[in-house]
Amino acid sequence: MIADALDRKAARPGWPKGKADADAPLAGHVLGMVFEKNSTRTRVSYDMAMRQLGGHSIVLDAGTTQLGRGETIADTARVLSGYCDAIMIRTDDHAKIEQMAEYASVPVINGLTDASHPSQIMADLLTVIEAGKPLPGLKWAWLGDGNNVLASIMEAAALMHFDVVAACPQGFMPSESDVARGQGRARIVGTAAEAVKDADVVVTDTWISMGQEHAATKLAAMWPYQVNDAVMAQASRDAVFLHCLPAHRGEEVTDSVMDGPQSVIWKEAENRLHAQKSILRWCFGQIG
């Protein structure tokens with residue numbers, strides 16, 4: 001899928017962004033997108049991915065659909081399967097996407113849950129490769145909350161043979177089952193310095209996710225894990241900085257890092273589109 005994303009990206013120099021690819025591989029296909037959480041990159045990247053692949057998308061917000069009035073995920077899955085060729089859902093409880101997949105008769109794509117964010121990590125892998133860093137053998141450093149994004153990075157580490165060293169404060173570490181996804185390539189340490197030493201990739205995310213409570217307590221615990229110039233100086237000289245966005249500038253990362261020469265976050269955001277195109281084509285059996 002990553003190779004296909006690179007090929008698709010190279011094939012569109014100067015095209016209007018809404019113009020379909022010449023082969024329009026998903027012509028006639030419709031993606032139903034269900035949003036129970038706010039979204040910018042996931043919403044736009046999947047919508048534009050379908051347009052560029054020659055298909056169409058329908059956006060469904062929980063608050064303006066029957067999901068907001070108590071219709072079950074299972075019933076929604078059955079109904080959408082009759083209208084759409086695939087479903088993408090962005091939600092909170094991971095059990096919801098599992099239920100959607102169980103009762104849908106079409107492919108179901110994880111646009112984000114509280115347990116994982118594979119749509120983002122596909123773009124992250126593509127961005128690191130584009131930065132000239134083959135994935136096997138790399139050291140990725142994670143600083144901050146042991147959240148869903150970290151869980152997906154650790155799972156990717158096992159698949160793509162790189163190592164993840166995560167520095168997380170007590171009380172906000174990933175679960176043992178999430179670490180186990182790394183199949184020995186993920187470990188947790190106590191300090192930012194230990195995580196970033198000689199790292200090839202430095203990654204963080206917002207400290208306070210959508211809907212989280214006890215923000216003041218969590219912020220206090222997170223400050224030693226801020227990504228700033230001093231932290232980046234301990235990584236490899238050619239290390240790159242990733243952030244899935246949106247960022248809380250001045251909290252988990254400073255402006256000088258976000259806007260600095262090692263930051264590839266804008267490429268990372270753009271690559272959501274190319275990664276999503278590959279995910280969609282994979283779902284329809286068009287690429288391996």
Side-chain angles (χ1 to χ4, degrees), residues 17-18 26 29-124 145 147-152 205-213 215 243-248 265 268-284:
K17 291 181 174 62
L26 293 188
H29 291 73
V30 176
L31 174 68
M33 301 195 296
V34 180
F35 289 94
E36 291 195 309
K37 276 196 160 187
N38 294 342
S39 175
T40 298
R41 280 148 291 275
T42 299
R43 184 185 298 247
V44 177
S45 62
Y46 271 109
D47 190 315
M48 290 302 296
M50 286 300 293
R51 296 185 193 206
Q52 291 187 6
L53 293 171
H56 302 278
S57 65
I58 299 172
V59 176
L60 302 164
D61 290 311
T64 56
T65 64
Q66 298 302 332
L67 277 173
R69 299 182 63 239
E71 185 170 41
T72 67
I73 291 287
D75 289 349
T76 300
R78 294 183 179 101
V79 170
L80 291 181
S81 294
Y83 299 141
C84 303
D85 300 291
I87 301 166
M88 189 281 295
I89 180 169
R90 181 178 172 93
T91 186
D92 45 14
D93 186 356
H94 192 77
K96 291 181 179 179
I97 197 168
E98 292 179 335
Q99 189 175 33
M100 180 74 79
E102 179 181 356
Y103 289 95
S105 58
V106 300
V108 174
I109 299 168
N110 181 350
L112 176 141
T113 71
D114 57 2
S116 62
H117 197 359
S119 293
Q120 175 65 50
I121 301 314
M122 286 292 297
D124 291 357
D145 192 16
N147 64 10
N148 52 352
V149 178
L150 174 58
S152 288
D205 192 7
T206 52
W207 292 338
I208 309 299
S209 299
M210 287 179 285
Q212 283 190 336
E213 299 178 354
H243 191 307
C244 65
L245 302 176
H248 292 173
I265 59 174
E268 178 187 8
E270 179 187 342
N271 280 339
R272 286 294 302 273
L273 167 62
H274 308 296
Q276 266 56 302
K277 290 172 74 174
S278 292
I279 290 170
L280 287 162
R281 295 196 66 200
W282 179 81
C283 285
F284 292 108

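Numbering starts at 1 and runs along the sequence shown.
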Does the side chain of I73 reach to within under 4.5 Å of the side chain of L67, using non-hydrogen atoms? yes
Under a 3.5 Å distance rule, please check whether Q52 uses its side chain to pair with a backbone N or O of K17 as donor and acceptor. yes
Ignoring hydrogens, what is the shortest heavy-atom contact between A77 and M100? Give both atom names and the distance. CB-SD, 3.3 Å
Test item: K96 and T113 side chains (from C-beta on) under 4.5 Å apart, heavy atoms: no
Judged by atom type as modelled, is there a donor-acceptor pair below 3.5 Å linking the side chain of Q276 to the main-chain atoms of R272? yes
For D92, does its backbone N or O pair with a side-chain atom of E36 as donor and acceptor, under 3.5 Å? no
Is it true that a side-chain atom of S116 and a backbone atom of P118 form a donor plus acceptor pair closer than 3.5 Å? no
T206 side chain reached by H243 side chain, heavy atoms, under 4.5 Å: yes
Donor-acceptor under 3.5 Å (R90 side chain, N38 main chain): yes
Electrostatic pair D61-R43, nearest N-O below 4.0 angstrom: yes
Can a side-chain donor-acceptor contact be found between S119 and Y46 if the only test is distance below 3.5 angstrom? yes
N148 (side chain) donor-acceptor with H117 (main chain) under 3.5 angstrom: no
Passing option when V34 is tested against T65, I58, L80 for side-chain contact (heavy atoms from CB on, under 4.5 Å): L80
Between D75 and R78, is there a salt bridge with N-O shorter than 4.0 Å? yes
Is the backbone of L273 close enough, under 3.5 Å, to the side chain of S45 for a donor and an acceptor to pair up by distance? no
Within-4.5 Å side-chain heavy-atom neighbours: I97 and V108: yes
Shortest non-hydrogen separation from V59 to M33 and the atoms involved: CG2-CE, 3.4 Å
Can you check whether V149's main-chain N or O pairs, donor with acceptor, with S152's side chain at less than 3.5 Å? no
